Asker: 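Encoded as structure tokens, here's the structure I'll be asking about.
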Amino acid sequence: MNRETGLLAATGIFGAALALSWFTQGTGVVRDDPAKQIAIPKQLTAPLQVKAAYNGSDIFFRYRWPSPNPGIFHDVLKFEGGKWVVRGSAVPGSQPDGLHEDRVSMMVDDGSVPDFGRYGGYVTVGRRLAGFTDEVSGKEVAAHPYLGGKLKLDEPTKYLPSTRKSLENWADLAPEDEQKALRAAGYFLDLWHWRANRSNPIGLADDQHVAEGRLSDSGKSPYATNWDGGKQQPRFMFDSAKAGRAALRWEDIIAGKIGQDDTYFLRVDQAKPFDPNAGWIEGDTLPRRSLAMSDGSRGDIKVAGKSRWDNGFWDVTLQRKMDTGNPTDDKIFRDRGVYQAAFAIHRQATGGRWHMVTLPVSLGLGRQAELEAVRFNGETPNWEQPWRTVTLFYPGQVNWALLNSTKHAGAAQVKAGVPVKHRHSEAQLANYGIEVEFNYAIRRQWLFTMFGGVLLIAAFGIALNMLSSRKRSA
Amino acid sequence: MAAYHVVLVHFPMALWMTAALAILIRAFSSSALALSIDRALTPLLFLGFLSGAAAFAVGLMVWPWEAVSSSPLGRNHALLAAWTLAYWTLMMITRWLHGEAVWHGLMRFVMAGLALIGAGLLGITGTLGGHLIGVYTDVSEVLRRLGWEVYRTFYLPDTTLIALAAATVLLLAIGWWGRKSQAA
């Protein structure tokens with residue numbers, strides 16, 4: 001081998017190392033890990049189309065988003081081996097049997113939570129929420145005197161930052177009189193929560209809000225758990241005279257044979273008390289949730305018309321009184337008012353934090369805004385206005401404390417009130433959300449990569465110089 | 001320090017890009033013009049090294065290390081900047097040690113290839129810096145189409161790192177062999 005051959009070999013090795021680096025970069029770290037509550041969706045962004053309209057007494061929101069199939073089932077009770085077992089409990093990512101309902105939700109503010117208009121749902125995400133790798137246990141929350149004792153929360157939910165004394169500590173709540181004062185000042189987010197299984201069949205969306213936690217408005221819930229713990233059996237079964245059957249069949253559910261027009265839900269007015277001697281056979285299945293009309297503030301949001309899945313898309317319209325008379329858990333809409341809204345969907349049998357969210361948009365009632373609610377006369381809008389398309393993205397495990405910490409290069413901008421969309425796109429945020437879930441492992445590989453690359457360049461330089469003839473000149 | 005970094009980076013970018021052009025011209029021409037340009041190459045590379053090292057050092061002070069090492073774009077910018085500085089330092093040392101000999105035989109084409117890679121590294125580093133201040137070009141879209149999403153950290157799996165280590169050792173061995181054969 002002569003020196004020219006050596007030069008060629010060195011150049012080839014250097015080039016091959018660069019090519020290998022290019023083609024293998026970004027691999028080997030990011031992978032699903034259910035033990036750490038990690039499940040990365042294959043698609044990181046999706047479109048959501050929205051329209052809004054109002055007639056002076058009611059406000060309507062219409063949502064349309066892609067979903068490969070209608071997720072109309074939630075958890076169920078399956079008769080298996082002589083007893084009733086729960087199937088379809090939440091898991092990280094998609095529930096393998098497809099048993100988690102599709103949802104669309106919307107958080108709304110009237111300017112009382114200023115950071116919400118700039119950062120959207122990020123302001124509600126504290127450290128160690130449900131579904132995070134380091135989540136607080138439900139027992140810890142239930143044992144908390146205020147969150148568990150008074151608010152009856154049993155999992156670490158969203159909350160607004162000023163309800164805590166510190167961004168770092170989910171349990172360090174501001175005093176109760178401070179909470180009351182904040183609430184009276186409008187420091188909460190209204191949460192509209194349409195559920196394909198637990199609210200849609202009775203023509204409702206769940207009316208909730210976010211303040212010290214994710215809380216339900218006062219009044220009766222549209223759903224209850226269909227389980228009698230004492231007797232270890234369901235509370236209700238279908239009334240076959242009204243529903244056409246006593247139970248569903250597991251194989252029909254899994255095969256997708258039960259559609260939107262079938263009885264896939266258990267309304268208490270179509271049900272009767274469970275009879276353990278009704279001749280149950282292996283595979284008989286009952287919904288784990290029973291449905292009944294809400295009352296009070298919780299029942300404020302109705303489904304307008306019929307919410308339907310068709311040809312790969314959900315089309316859902318919700319309707320609510322502009323002024324519900326409940327100003328401490330609903331945002332009151334006024335003609336010519338400007339509000340802030342952020343949206344989220346669950347699809348493909350996901351629950352909890354495995355949703356896709358949007359950045360906040362301004363909402364104007366007869367005012368110029370990113371989403372303009374159009375005034376109309378009559379009972380129902382004609383929806384002639386064009387859709388407003390917003391981008392949904394997977395948010396990962398990014399939390400508000402992190403965004404305000406020295407780990408976030410933009411923390412100073414957050415403190416200065418620079419809106420997130422001024423610096424980040426949804427695609428960028430989705431990718432960042434994934435990186436945060438693997439932060440330590442990725443940082444380690446990145447450091448090795450940086451130093452490995454510098455050493456490779458140095459070695460190539462040494463080889464190049466040793467292989468070349470030295471001949472100094474000007 | 002961000003404003004100082006932004007000011008400083010223009011110097012190595014201009015100097016190294018000019019150096020890349022000078023190398024390409026000299027690699028493919030021995031005209032009087034090419035020879036004149038080549039005479040300016042070592043000073044260009046030296047000034048590029050000084051200003052590049054200064055920009056790199058100031059760049060590390062823009063954000064706390066914790067922030068840079070936690071941000072995908074911060075990581076990528078730091079990684080590419082480190083590689084670019086190392087790479088152009090290699091070019092400077094090579095040209096300085098070997099003088100006009102780098103334009104003889106196969107070496108001139110190696111220099112031309114290295115200049116193109118160096119310009120590419122510099123361009124990517126600059127693009128990533130632009131992303132960090134919210135002003136960027138479509139270079140990132142080109143990189144995306146070539147397989148690298150710039151909003152994800154550029155890191156290598158363990159197997160590739162091992163291959164890189166092996167390549168490093170192999171390159172040193174080839175260099176050692178070259179020195180030995182030169183001495184013989």
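Computed from a prediction, not measured in an experiment: that's the story for all the values here. Chain letters run A, B, ... following the sequence lines, proteins first, then strands; residues in each count from 1.
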Asker: Let me confirm one number: the CD-CD distance from Q428(A) to E149(B), rounded to the nearest 0.5 Å.
Answerer: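 It comes to 9.0 Å.
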Asker: Using a cut-off of under 4.5 Å on heavy-atom pairs, state which of A163(B), G105(B), A86(B), A67(B) scores highest against chain A.
Answerer: A67(B)
Asker: Return yes if some donor-acceptor pair links the side-chain N/O of Q25(A) with the main-chain N/O of G147(B) below 3.5 Å, else return no.
Answerer: yes
Asker: Checking heavy atoms, do the side chain of L35(B), its backbone, both or neither come under 4.5 Å from chain A?
Answerer: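 For L35(B), no heavy atom lies under 4.5 Å from chain A.
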Asker: Can you tell which part of W176(B) gets under 4.5 Å to a heavy atom of chain A, answering side chain, backbone, both or neither?
Answerer: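 Contact with chain A: backbone only.
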Asker: Which distance, rounded to the nearest 0.5 Å, do you find between the CZ of F14(A) and the CG of L114(B)?
Answerer: 7.0 Å
Asker: Taking every heavy-atom pair that is under 4.5 Å apart, which of G461(A), A459(A), G28(A) has the most such pairs with chain B?
Answerer: A459(A)
Asker: Is there a donor-acceptor pair under 3.5 Å between the side chain of W446(A) and the backbone N or O of R75(B)?
Answerer: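 A pair under 3.5 Å: yes.
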Asker: Can you tell me which portion of T11(A) sits under 4.5 Å from chain B's heavy atoms? Options are side chain, backbone, both or neither.
Answerer: side chain
Asker: Among L429(A), T24(A), L8(A), single out the residue with the greatest number of heavy-atom pairs under 4.5 Å to chain B.
Answerer: T24(A)
Asker: Is the closest side-chain heavy-atom distance between L146(B) and W22(A) below 4.5 Å?
Answerer: yes
Asker: Quick check on A10(A) against chain B: is it the side chain, the backbone, both or neither that has a heavy atom closer than 4.5 Å?
Answerer: both
Asker: L73(B) versus chain A, heavy atoms under 4.5 Å apart: side chain, backbone, both or neither?
Answerer: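 Contact with chain A: backbone and side chain both.
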Asker: Below 4.5 Å from any heavy atom of chain A, which atoms of A166(B) appear? Answer side chain, backbone, both or neither.
Answerer: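 Neither part.
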Asker: Identify which part of S405(A) has an atom lying under 4.5 Å from any heavy atom of chain B, answering side chain, backbone, both or neither.
Answerer: neither
Asker: Side chain, backbone, both or neither: which part of L85(B) has a non-hydrogen atom closer than 4.5 Å to chain A?
Answerer: neither
Asker: Pick whichever of P64(B), G74(B), A167(B) has the most heavy-atom pairs under 4.5 Å with chain A.
Answerer: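 Most pairs with chain A among the choices: A167(B).
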Asker: Using heavy-atom distances under 4.5 Å, tell me whether R423(A) contacts chain B through its side chain, its backbone, both, or neither.
Answerer: side chain
Asker: What's the spacing between H408(A) NE2 and S71(B) OG if we round to 0.5 Å?
Answerer: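 Output value for this atom pair is 7.5 Å.
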Asker: Side chain from CB out, backbone as N, CA, C, O: work out which of these in L106(B) comes under 4.5 Å of a heavy atom of chain A, or both, or neither.
Answerer: both
Asker: Is it the case that atom CG in D138(B) sees more than 12 heavy atoms from other parts of the structure closer than 6.0 Å?
Answerer: no
Asker: Tell me whether the count of non-hydrogen atoms from other residues, nucleotides or ligands lying under 6.0 Å of NZ in K42(A) goes above 12.
Answerer: no
Asker: If you count heavy-atom pairs under 4.5 Å with chain A, which of T89(B), T94(B), V150(B) comes out on top?
Answerer: T94(B)
Asker: Would you mind reporting whether I457(A) and W88(B) have side-chain heavy atoms less than 4.5 Å apart?
Answerer: no
Asker: Assess whether side chain to side chain contact (heavy atoms under 4.5 Å, CB included) is satisfied between H98(B) and L464(A), documenting all intermediate values.
Answerer: CA-CA 10 Å; H98(B) 298 285; L464(A) 206 61; over 6 Å; no
Asker: Please determine whether side chain to side chain contact (heavy atoms under 4.5 Å, CB included) holds for the pair I462(A) and L171(B), giving the CA-CA distance in whole Å, both sets of side-chain angles, and the decisive distance to 0.1 Å.
Answerer: CA-CA 8 Å; I462(A) 290 167; L171(B) 286 168; over 6 Å; no
Asker: Tell me, for V30(A) versus chain B, whether the close heavy atoms (under 4.5 Å) come from the side chain, the backbone, both or neither.
Answerer: both
Asker: Would you mind checking which part of L18(A) comes under 4.5 Å of any heavy atom in chain B, side chain (CB onward), backbone (N, CA, C, O), both or neither?
Answerer: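 When you check distances to chain B, only side chain atoms of L18(A) fall under 4.5 Å.
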Asker: Just say parallel, tilted or perpendicular for the rings of Y432(A) and Y151(B), cut-offs at 30° and 60°.
Answerer: perpendicular
Asker: When rounded to the nearest 0.5 angstrom, what is the spacing between CG in L456(A) and OH in Y87(B)?
Answerer: 10.5 Å
Asker: What is the distance from atom CZ of F109(B) to atom CG of L7(A), rounded to the nearest 0.5 Å?
Answerer: 12.0 Å
Asker: Pick one of side chain, backbone, both or neither for L447(A), based on which atoms fall under 4.5 Å of a heavy atom in chain B.
Answerer: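 L447(A) touches chain B through side-chain heavy atoms alone.
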Asker: Under a 4.5 Å heavy-atom cut-off, does chain A meet the side chain of A82(B), its backbone, both or neither?
Answerer: both
Asker: Tell me, do Q445(A) and L161(B) make a side-chain contact under 4.5 Å, heavy atoms counted?
Answerer: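 They are in contact (side-chain heavy atoms under 4.5 Å apart), so the answer is yes.
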Asker: Who among D158(B), T153(B), T42(B), L172(B) has the most heavy-atom pairs with chain A under 4.5 Å?
Answerer: T153(B)
Asker: Can you tell me which portion of E435(A) sits under 4.5 Å from chain B's heavy atoms? Options are side chain, backbone, both or neither.
Answerer: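 Side chain only.
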Asker: If I take atom CE from residue M450(A) and atom OH from residue Y155(B), how far apart are they, to the nearest 0.5 angstrom?
Answerer: 16.0 Å
Asker: What part of W148(B) lies closer than 4.5 angstrom to a heavy atom of chain A: side chain, backbone, both or neither?
Answerer: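 Both backbone and side chain.
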Asker: Relative to chain B, which of G15(A), A430(A), A17(A), G26(A) shows the most heavy atom pairs under 4.5 Å?
Answerer: G26(A)
Asker: Closer than 3.5 angstrom, by distance alone: can the side chain of T449(A) be matched with the main-chain N or O of L156(B) as a donor-acceptor pair?
Answerer: yes
